[in-house]
Amino acid sequence: MSAIQPPTSTAQLMQRAEALAGHSLGELAEQFRAQLPDNLLLEKGWIGQFLEHLLGASAGSLPQPDFPELGVELKSIPVDARGKPLESTFVSVVNLQQPHLESWHTSVVRLKLSCVLWLPILTERHQPLTARRIGMPLLWRPNQAQWQILQSDWEEAMEKVCLGQFDKLNARFGEALQVRPKAANSRVLTTVTGRDGEPTQTLPRGFYLRSGFTQTILQSLAY
DNA sequence: AGTTGATCATAC
DNA sequence: GTATGATCAACT
């Protein structure tokens with residue numbers, strides 16, 4: 001795959017993204033000489049990483065937006081024929097080690113969600129990767145009500161971390177932003193501080209946007 | 001059928 | 001192990 005220069009403006013990024021709309025992953029893979037994986041199960045993040053390349057993203061695996069100069073985060077989102085998200089959206093890992101050093105204002109969650117370029121992937125169950133088409137991109141900045149929900153969810157989760165309540169740090173909390181495991185498997189553990197200040201181990205977690213929240217974003221911006 | 005917990009690839 | 005990119009599969 002040839003290297004693609006980072007976009008110099010958000011407008012240019014949007015132009016690039018709009019140019020992808022309507023094309024199938026098969027077409028784009030052929031055009032850019034990329035090798036589509038035989039099995040998405042074995043490379044779950046392939047589509048997202050492919051689109052990053054096509055649009056010139058540069059942040060790599062750093063905890064910052066995909067386009068640092070523009071402050072724009074790219075999210076590919078599988079949607080059905082009605083435009084409904086099929087999955088939740090991973091945002092970032094949860095800092096379980098130093099939660100007291102975290103604040104909402106400087107959090108990676110706030111940084112990444114300040115401006116998101118949603119790129120819908122029209123997806124049907126069992127549909128081959130090559131046949132899936134890119135939808136129209138949407139640039140989203142949270143409104144005041146959305147920010148309030150996100151901050152509230154984030155603070156609720158981080159409070160549990162600060163208190164060492166890792167048993168309560170599950171997917172049942174959070175109106176828009178939920179916490180779920182984020183690891184290679186359930187045997188992966190990370191060292192944290194427990195309820196009584198003692199070192200203990202727990203499963204790494206990540207922040208995810210619930211699909212219902214994402215659905216309202218996509219629908220409100222579609223008109 | 002929607003949600004929660006589990007899992008896969010890769011770079012460093 | 002921790003960060004990125006996510007989807008799968010079991011459970012309710």
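The analysis underlying the following values was restricted to heavy atoms, covering all of them including side chains, and did not include hydrogens, waters or symmetry mates. In what follows, every chain begins at residue 1, and chains take the letters A, B, ... in the order their sequences are listed. Treat the numbers as computed from the prediction; the structure is a model and nothing was measured.
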* Is there a donor-acceptor pair closer than 3.5 Å between any side-chain N or O of A:Glu156 and the backbone N or O of A:Ser152? ->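 A pair under 3.5 Å: no.
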* Is A:Glu198 reaching over with its side chain to a backbone N or O of A:Asp196, donor-acceptor style, under 3.5 angstrom? ->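 Pair found, side chain donor or acceptor close to backbone of A:Asp196.
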* Asked: What residues, two or more places apart in sequence or in another chain, satisfy side chain to side chain contact (heavy atoms under 4.5 Å, CB included) together with A:Asp38?
  -> none
[X] and [Y]: side-chain donor and acceptor closer than 3.5 Å?
X        : Y        : answer
A:Ser103 : A:Thr106 : yes
A:Glu102 : A:Trp154 : no
A:Gln97  : A:Thr190 : yes

What's the [atom1]-[atom2] distance between [X] and [N], to the nearest Å?
X        : N     : atom1 : atom2 : answer
A:Leu96  : C:dG1 : CG    : P     : 13 Å
A:Phe207 : B:dT4 : CZ    : P     : 15 Å
A:Lys84  : B:dT3 : NZ    : C1'   : 12 Å
A:Asp80  : B:dA1 : CG    : P     : 13 Å

* To do: Using a strict cut-off of less than 4.0 Å between a Lys/Arg side-chain nitrogen and an Asp/Glu carboxylate oxygen, indicate whether A:Glu73 and A:Lys75 qualify as a salt bridge.
  =>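 Yes.
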* Asked: Which residues in residues 12-27 of chain A have at least one heavy atom lying under 4.0 Å from any atom of DNA chain B?
  -> none
* Structure fact -> Heavy-atom nearest nucleotide on DNA chain B taken for A:Arg210 and for A:Ser186; more 5' hit belongs to A:Arg210
* Taking for each residue the nucleotide of DNA chain B with the nearest heavy atom, is it A:Gly212 or A:Asn185 whose nucleotide lies nearer the 5' end? ->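 It is A:Gly212 whose nearest nucleotide is closer to the 5' end.
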* Scan A:Leu86 against the nucleic acid and name what it touches under 4.0 Å (heavy atoms): base, sugar-phosphate only, or nothing. => nothing
* At under 4.0 Å between heavy atoms, what does A:Arg205 touch on the DNA or RNA strands: base, sugar-phosphate, or nothing? ->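 A:Arg205: no heavy atom of the nucleic acid under 4.0 Å.
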* Is A:Arg187 near enough to B:dA6 that one of its side-chain N or O atoms lies under 4.0 angstrom from OP1 or OP2? -> no
* Asked: Can you tell which of A:Asp80, A:Val79, A:Ile134 makes a side chain to side chain contact (heavy atoms under 4.5 Å, CB included) with A:Pro120?
  ->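 The option that passes is A:Val79.
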* To do: Measure from NZ or CZ of A:Lys160 to the centre of the six-membered ring of A:Phe173 and say whether it is under 6.0 Å with the direction within 45° of the ring axis.
  => yes
* Structure fact -> Counting primed atoms, P, OP1 and OP2 as sugar-phosphate and everything else as base, the B/S/- map of nucleotides 3-12 of chain C against protein heavy atoms under 4.0 Å is SBBBBBS---
